[in-house]
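Contents: one structure, followed by commentary.
We name chains A, B, ... by the order of the sequence lines, and we start the count at 1 in each one.
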Number of protein chains: 2
Amino acid sequence: MNAARAADHLGDVVLRPVRGHHAFEGCVEQLATAIRLGVYPHGAPLPTERDLAERMGVSRATLREAIAALRMADMVETKRGRGGGTVVSFRPEAPSTDGSPGLAGRTEHLLDSLTFRRVVEPGACHIAASRTLSAAEKMVLTTALTEVDQAPDEAAHRQADSRLHLAIASVTGSPMTIASVTEVQACLHDLLQAIPVLQVNIEHSTRQHRAIIQAILGGEPTRARRAMEQHCDDTAALLRGLLG
Amino acid sequence: MNAARAADHLGDVVLRPVRGHHAFEGCVEQLATAIRLGVYPHGAPLPTERDLAERMGVSRATLREAIAALRMADMVETKRGRGGGTVVSFRPEAPSTDGSPGLAGRTEHLLDSLTFRRVVEPGACHIAASRTLSAAEKMVLTTALTEVDQAPDEAAHRQADSRLHLAIASVTGSPMTIASVTEVQACLHDLLQAIPVLQVNIEHSTRQHRAIIQAILGGEPTRARRAMEQHCDDTAALLRGLLG
DNA sequence: CGGTAAAGGTCTAAGGTCATGCCATTGACA
DNA sequence: TGTCAATGGCATGACCTTAGACCTTTACCG
């Protein structure tokens, strides 16, 4: 029966885990990622527990366990009382110059991320450039861009880069697009951190960033997408080498 | 402090619910969607409970509750004993010709889906056309295409259309891409079902499908993407009208 | 100096979810 | 025709998560 064969093929491919892990682990992972990507930079306060819990769709008890885990890992510090809260104490480390530590076993997933990135980020640029952006949105982009340029060291540069890509996604106004870019950046962070960063690479990447933002601000979808494609392809080439 | 403001903006946008609902509901939704999309067409057997539970990452107890719900909704039938199992008894209904029933309140999410679709599906086409496809993969595409052409009625046509789009995603070989397309198709299914289907539309859409598949099989990424863009834009135009 | 507001800290009862093992039914195959 | 294996059906105990109320600490402000 043909129906059965078709079902086998697509079913294998369409059904996905309904949720990979417990709520607690999910919270830890999401918050840790946000911190490592620099969504919450060193010294920035996290939202209040009640706020976070609501936004992440989780009970406050569970969220608190997650924060406790982050505290245990020295990523955040918590103060009580009015004006208290949880602030980020994590400082990004300089990219390691030796090989690729602890990436084994995830190779397949990481390659998938590269492919998916090639789909999502150029598409996001296209959308972003097609919209008429508010002044605030333009500001978000230019700010993110200059922060990448002015990053004092490699570690800060890496975070600023993630933030720039997230900023681009955010001006699409599309939550699903934003979620995808977040996921991709999270997957790629470790990899990107493992590349030996050459000055040449940074300059090249800076030129590309500028071209991308310029095209988005100028409302040129095709150029924006092409620029982002080039950017993705260039880093992917480096990264694929790293993965053997 | 600048860091704090940046954190506010991106944090608002990056943090997402760790899981929207209970495992049980997630299973029901995912299975029901797969059935309505035609991943498992009328008469096709679902995988065994143990198999499904493992693939969806839930316990068999939970999965069984989900199947019980589907049975209650007359979407599947279950037989015991060797050679038994659960088979799809759901028959797709013809698209309703009256307005848009029960779409209210989800407008925002549906519009988001249209945007995201515009990002993902053309990107997937580009990737698919860039790869060298195996004979089996080519067969999957051509089969899906002819099934759309030969669909006996509107309802079958709708399902075959979904399957074609999923088939394209599946030949990217990228699980993340597949997941995104699945999500998009699931969101759009109700909408697409609510459009009055004109013969003109079907013929137009058939031509586009042919062009897309041809470009993918011919290894022409840019043409494949452009064709899919056109396809997305055309249906999106219809659908946006529907949503007011 | 005292009050108030805003944050984190704690507790409890109820229900959801899981892993696991065993039972019941039925068709296939020897 | 009898046995067996594949499948759905069921029960138990441990663990996780939730919702909500309440407590404690602390800064600000009159």
Side-chain angles (χ1 to χ4, degrees), chain A residues 1 4 7-8 11 16-31 40 43-89, chain B residues 1 4 7-8 11 15-31 35 40 43-89:
Chain A
M1 178 179 228
D8 278 358
R16 41 169 187 161
V18 104
R19 64 180 192 197
H21 27 242
H22 291 165
F24 160 72
E25 302 171 50
C27 288
V28 172
E29 193 175 311
Q30 199 171 143
L31 289 173
Y40 298 104
L46 262 49
T48 70
E49 293 181 348
R50 291 171 173 84
D51 198 8
L52 273 180
E54 184 177 353
R55 273 200 265 179
M56 302 177 65
V58 107
S59 81
R60 208 179 131 221
T62 303
L63 180 91
R64 280 178 49 72
E65 284 185 55
I67 290 185
L70 295 180
R71 202 177 312 132
M72 214 87 81
D74 285 326
M75 294 190 74
V76 299
E77 281 167 7
T78 301
K79 268 193 332 187
R80 301 171 46 154
R82 173 164 183 162
T86 302
V87 301
V88 176
S89 56
Chain B
M1 181 180 224
D8 277 358
L15 295 178
R16 40 168 188 165
V18 103
R19 65 181 193 196
H21 29 240
H22 292 166
F24 160 72
E25 301 171 48
C27 288
V28 172
E29 191 175 313
Q30 199 171 142
L31 288 173
I35 291 172
Y40 298 105
L46 262 50
T48 70
E49 293 181 347
R50 289 170 174 85
D51 198 7
L52 273 180
E54 183 177 353
R55 274 201 264 178
M56 303 178 62
V58 300
S59 79
R60 220 181 116 216
T62 303
L63 179 89
R64 279 178 50 71
E65 283 185 57
I67 290 185
L70 294 179
R71 201 172 11 215
M72 215 86 82
D74 284 326
M75 294 190 74
V76 300
E77 281 166 8
T78 300
K79 267 194 334 188
R80 300 169 46 151
R82 175 164 181 161
T86 303
V87 301
V88 176
S89 57

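- In this structure, CG of A/L52 is placed 13 Å from C1' of C/dA7, rounded to the nearest angstrom.
- Taking all atoms of both residues into account, the shortest heavy-atom contact from B/T86 to B/T78 is OG1-OG1, 3.3 Å.
- Of the candidates D/dT18, D/dT17, C/dG9, C/dG9 carries the atom nearest the A/R71 side chain, counting heavy atoms from C-beta on.
- Between B/R64 and the phosphate of D/dG8, there is no side-chain N or O to OP1/OP2 separation shorter than 4.0 Å.
- In the set D/dT17, C/dT17, C/dT10, the nucleotide with an atom closest to the side chain of B/F24 is C/dT17.
- What you find for A/V58 and A/A23 is that their closest heavy atoms are CG2-CB, 3.8 Å.
- Taken residue by residue, residues 72-89 of chain A places heavy atoms nearer than 4.0 Å to DNA chain D at A/R80, A/G81, A/R82.
- The two residues A/V87 and A/P45 make their nearest non-hydrogen contact at CG1-CA, 3.9 Å.
- Proximity note for A/T62 (side chain, C-beta onward) versus C/dC18, D/dG9, D/dT17: the nearest is D/dT17.
- The nearest pair of heavy atoms linking A/V76 to A/I67 is CG2-O, 4.2 Å.
- What separates CG of B/L63 from C1' of C/dC18 is a distance of 13 Å, to the nearest Å.
- Neither OP1 nor OP2 of C/dA6 sits under 4.0 Å from any side-chain N or O of A/T48.
- One atom, CD of A/E65, and another, C1' of C/dC11, lie 14 Å apart when rounded to the nearest Å.
- Among the nucleotides D/dC22, D/dT17, C/dC18, the one closest to any side-chain atom of A/R50 is D/dC22.
- One distance of note links CE of A/M72 with CD of A/E65; it measures 10.0 Å at 0.5 Å rounding.
- Annotation for A/L63 and A/E49: closest pair CD2-O, 3.4 Å, computed over non-hydrogen atoms.
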